[in-house]
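Beneath this line is the structure, given in structure tokens, with notes to follow.
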Amino acid sequence: MDLPKQYDPAAASAKWAPVWDEAGVANADPPESLGVSPITGEAQAAPQGSEPKPPHAVMIPLPNVTGALHMGHALNGTVQDLVTRWRRMQGFEALWQPGTDHAGIATQAVVERRMLEEEGLTRHDVGREALVNRIWAWKETYEGRILGQLKSLGASADFRRTRFTLDDMCSRAVRAAFFKLFSDGLIYRGKRLVNWDTHLQTAVADDEVFEEETQGNFWTFHYPVVNEAGEDTKKSIQFSTTRPETMLGDVAVCVHPSDERYTALVGERVRVPLTGRLVPIIADALLADPEKGTGAVKVTPAHDPNDYACGLRNGLEMLNVLNPDGTMNAEAGEYEGLDRLEARGKIVEAMDALGFYDGVEDRVIQLKHSDRSKTPVEPLLSDQWFVRMGPSEDGSDDVDLAQSAIDAVEDGSVRFYPSRYKKTFTDWLGEKRDWCISRQLWWGHRIPIWSKTWDATEYDEKFAKGWTENPDEDGVVAVQTVRDEDAGTVTVLICIADDAEETERGYETAGFERDPDVLDTWFSSALWPLETLGWPEDTPDLQYFYPTGVLVTSRDIITLWVARMVLFGKYLRGDVPFQHVYIHPKILDGFGRTMSKSKGNGVDPLELVEKYGADAVRFTIASFAGETQDVRLPVSYEHPETGEIVQQTQAHTEAKPEQADDGTLLKPTVHFPKAKKDLQYVTPSYEPDPGVPVARVVADRFEYGRNFCNKIYNASRFAIFNLEGYTPGPVDAAALQLEDRWILSRLARVTEEITTLLGRYQLDAATRALRGFVWDEFCDWYVEMVKPRLRLEEGAEQTDERAAAQRVLVHVLDSILRLLHPWAPFVTEEVWATLKAIAPERGLPEPVAAADLCALASWPEANAEDVDESLEARFDALKEVVVAVRNVRGVYNLPPAAPLALHLRSAEDFAGDLGAVAEQFDQLARVVLAKAGAEVTRPPASAAFSLSSGGADGGPAEGFIPLGDVIDLDAERERQQAEAEKLRGHITGHEKKLSNENFVARAPAEVVEGVRETLATLKAQLAAAESVLAELR
RNA sequence: GGGCGGUUAGCUCAGUUGGUUAGAGCGUCUGAUUUACAUUCAGAAGGUCGAGGGUUCGAGUCCCUCACUGCCCA
């Protein structure tokens, strides 16, 4: 057998990924009894004479196609794959549903920005269709890259089912969902003050807005108070503003009700000079602050969120003075068509000329900017579509979407891990704020509403019985009529269900126009668990996999996404979309900032996979995934030739390419002092120049996983080298040695522990438990101890002893490979294949044929009969002896090869245990057990140590190692002194505790007894150290 | 302003319902290469658990206040 000394992850990935594909490892289908899936065209073959497999589905939190994945996604994907592979091994039909999200505004903004930078074109230059085509091309690139990244991590997702939120299947579900909501009266059109991005000409959500300090001005003006006839009086009211152009939209002036300066004026009217509008002076405690400025403020409900709220409270008119592109509209009179900033200057001048201008000061203003275009947003009142979240105001129906989702979490049908996130979910839904679902974009699901407006009288004459009585199109169209009494119009809104193109054309011919807006991205992603399984069809997939098992995601989309999936799931399918939600930590960079594409601090998992291997990245990342909130991941840059490492600084992440004097683009570099070189590096925002040497991103935390993978690979290599002559078969209990029984006991307990931890999504703890077992117990102790039994002289006959050792070793290794597989699929599969060639049948108590692939093997079950607590305790005592001997060797700086003798004063049974494994002592500590028993005395010129148990009288056993000439009496004295000091400290602590009457009286008896026992041991250990010291004097 | 986290060894993090002497990986120091693995092995040093108060026989763990820090919502 020829196995390289080091595990080669790249080779294993290249080898096994195609094999899994071929075997359909990741394919998941509904059972034959439900029929063939229309999605995959397949059904699960009925297992012979057994129940169909239980389902377990995981829906990927669809990554958006704006860019490639970073380490945060890698964590998310690793967790999902780990859970999926684990459940698959447990016998579930495990589906991991992959796919990507069109991410409306984000993707459109990226493509538009690039188009402008590279070609100087705006979307209006190219038009709707051409822009959408360009975005599709972008999507193709990044979808491919994202799926490639997932595959390189070893994702066992069912790629036959890959979906994209704008594909036909998802679009159909969106249409069906929208139609049902509209028919049920849960969708309505209304006015709303939105964050308007004048550059992209769309509303942006609150979470797409950031605040930035900007140098601005604070102008002060006054409006004249008028009498009942509307004529100016001598009185006036003064206020200040940062946006004078909004004066054109002023509909009131507001003061605080308790502000005595203005009490007399409340109820009077003022004249807005530039518009001539007469507006009231109102009192509103929530808007006006008597402490600030003059205490009076102008009110522009259509252009300020606070004013908007005030307008609603006081029934004020909403007067919009802006066009969508940021210029002034017809309401602005002579200023119509001017950009708002241009108008601002002219308006100040005009007010000055009229004598209403009172001065200006400089001021730093917190200005909201659009995250998409990086330009300032304007609050703007506009028509938007909404989904009603709470109960209907008139009580006409009993649908309460938000409440249904709250109930699902309250009654436990949806459970959060960790549970603290439940509150985020229910608190947010509890506000029951209607969901604004329209976006003024071209990239997305176009709203399936056609509308036409009539003059009210004309409408009434024409449709005396009302529009809704159109009998022909029942079930295909849904209708709402909206009567605007002020304008004297009636608007008919038609929602058309899918597959009704003829109907659509018909309405368009009749003069109906389709709404130009598209739906909020979250509308389609809220349908993800339904639409991917075939909804609105009642497919076998939906019947079988829905509700899914667990949603694995990050806390920042609990409200935006998780909540909406739950309420849509309940509303549309009558059941929750998933039973568990595991919220994993977020990956931060070395400076504590969330990894994100826009910050430039994202690390491409592919770079790390290439450097450390997919298994290593997965294993390390899984060790992060517990119940905590954040994990820091500092990274460095590595010189590709010298290996020199330079830590990443914030400057590296923030650097942007710069234009040189000669016009070439200079990419940022990282400086390597030793190599005296500056090298370019990869970031998510741009590529290095082709052909130049590039610094590679490294993160030493991943050595944790890499080293572990190499460790398990080499432990397997050792086993495989020692399996010559292996035969399958049971092992007599009598043939099991102490170390065999110990490792089997530990295996049973660790298997149980890992299974429990995975069930709670505590992957970090599960990872540690697995690593500790494999490395610190199996490799460091069991493998070392079994070595003598495996040795076979050249040409010698196989012995029973060796055969038993091989069977135990193979059994434990087999279990380890299966336990480790969900973390490290490639290395386990690689070893599995090699092992299968030598030991195709294996396992205890009875050997069975190994599965063809580790990925298809069954999850190990803990054998409770193997657990032996007292044996583990005895074994720990033996380990303690070995450690103590090694300690002496280390302290005396004795060469590891120099043989030592051990004299042990202990109880007889302990001496017996030790005698039973005495052979291995040579292997473990190069020490020969010379004497053991109660009567052993300390030989002269020896180093001494005491253990925590095993003594003749129930106290600690003592060990002595004769050192002869090498003994350094001073050093030994010093060592024993230090030991005695430490013991005295502990003894004082324990004595203090026991001298406290309250402790003895009130603490549980076993705790008190424990302290007493420990104290006795400590005292005995101290006595031993003191007697050694006395002899050394 | 409201809510949820975090602060434990030089770094990155564990520490389950309060209970014996607070752990790991990396890093540091010392020593080791007859064959599973130097991506290794053995040993060592290193922490008044953010500060202050309280509850308790007993607090890293529970409660309060404060400081610093992150996220979410307004």
Practice problem: Answer with yes or no whether Gln762(A) presents, from its side chain, a donor or acceptor under 3.5 Å of a partner atom in the base of A14(B). | Solution: no

Practice problem: Verify the contact: side-chain N or O of Thr628(A) to OP1 or OP2 of A14(B), cut-off strictly under 4.0 Å; return yes or no. | Solution: yes

Quiz prompt | Euclidean distance, atom CZ of residue Arg889(A) to atom C1' of G31(B) [Å, nearest integer] | solution = 11 Å

Practice problem: Kindly say whether, by distance alone, the side chain of Lys711(A) makes a donor-acceptor pair under 3.5 Å with the base of C37(B)? | Solution: yes

Exercise. Select base, sugar-phosphate, or nothing to describe what Leu1018(A) touches, counting heavy atoms under 4.0 Å on all strands.
Key: base

Quiz prompt | Complementary nucleotide for U21(B) - Watson-Crick or wobble, under 3.5 Å | solution = none

Practice problem: Give a yes/no on whether any side-chain N or O of Trp775(A) is located under 4.0 angstrom from OP1 or OP2 of C41(B). | Solution: yes

Exercise. Determine the interatomic distance between P on U48(B) and the same-named atom on G52(B); round to the nearest Å.
Key: 13 Å

Quiz item: How would you label the contact of Gln629(A) with the nucleic acid (heavy atoms, under 4.0 Å): base, sugar-phosphate, or nothing?
Solution: base

Quiz item: At under 4.0 Å between heavy atoms, what does Cys709(A) touch on the DNA or RNA strands: base, sugar-phosphate, or nothing?
Solution: nothing

Quiz prompt | Proximal nucleotide (of C37(B), A14(B), A42(B)) relative to the Arg886(A) side chain | solution = A42(B)

Practice problem: Determine the minimum heavy-atom distance between Gly590(A) and Arg632(A), stating which atoms define it. | Solution: O-NH1, 3.5 Å

Exercise. Return the value, rounded to whole Å, for the distance between atom CZ of Phe624(A) and atom P of A24(B).
Key: 19 Å

Quiz item: So what does Lys982(A) hit on the nucleic acid, given a heavy-atom distance under 4.0 Å: a base, only sugar-phosphate, or nothing?
Solution: nothing

Quiz item: So, is Lys423(A) close to the G3(B) phosphate, meaning a side-chain N or O under 4.0 Å from OP1 or OP2?
Solution: no

Quiz item: If you look at every strand shown and take non-hydrogen atoms under 4.0 Å, does Arg706(A) touch a base, only sugar-phosphate, or nothing?
Solution: base

Practice problem: Would you indicate which nucleotide in G3(B), A38(B), C57(B) comes nearest to any side-chain atom of Arg1002(A)? | Solution: C57(B)

Exercise. Can you figure out which of C13(B), U39(B), C71(B) approaches the side chain of Gln6(A) most closely?
Key: U39(B)

Practice problem: Mind checking Val1007(A) for me? I need base, sugar-phosphate or nothing, with any heavy atom below 4.0 Å counting as a touch. | Solution: base

Self-check item: Rounded distance in Å - CZ (Arg1012(A)) to C1' (G58(B))
Solution: 16 Å

Exercise. Have a look at Val1008(A) and say if it touches a base, only the backbone sugar-phosphate, or nothing, with a 4.0 Å heavy-atom cut-off.
Key: nothing

Quiz item: So what does Glu784(A) touch, heavy atoms closer than 4.0 Å: a base, only the sugar-phosphate, or nothing?
Solution: base

Quiz item: Does Asn998(A) place a side-chain N or O at less than 4.0 Å from the phosphate oxygens OP1/OP2 of U56(B)?
Solution: no

Quiz item: Of the nucleotides A36(B), U12(B), G43(B), which one has an atom closest to the side chain of Asn714(A)?
Solution: A36(B)

Quiz item: Checking all strands, does Lys787(A) fall into the base, sugar-phosphate, or nothing category for heavy-atom contacts under 4.0 angstrom?
Solution: base

Quiz prompt | Whole-Å gap separating C1' (U7(B)) and CG (Asp630(A)) | solution = 13 Å

Quiz item: How long is the line joining OH of Tyr704(A) and P of C13(B), in whole Å?
Solution: 14 Å

Quiz prompt | G25(B) OP1/OP2 closer than 4.0 Å to side-chain N/O of Asn707(A) | solution = no

Quiz item: Taking any strand in view, what nucleotide pairs with U40(B) in a Watson-Crick or G-U wobble way, both distances under 3.5 Å?
Solution: A32(B)

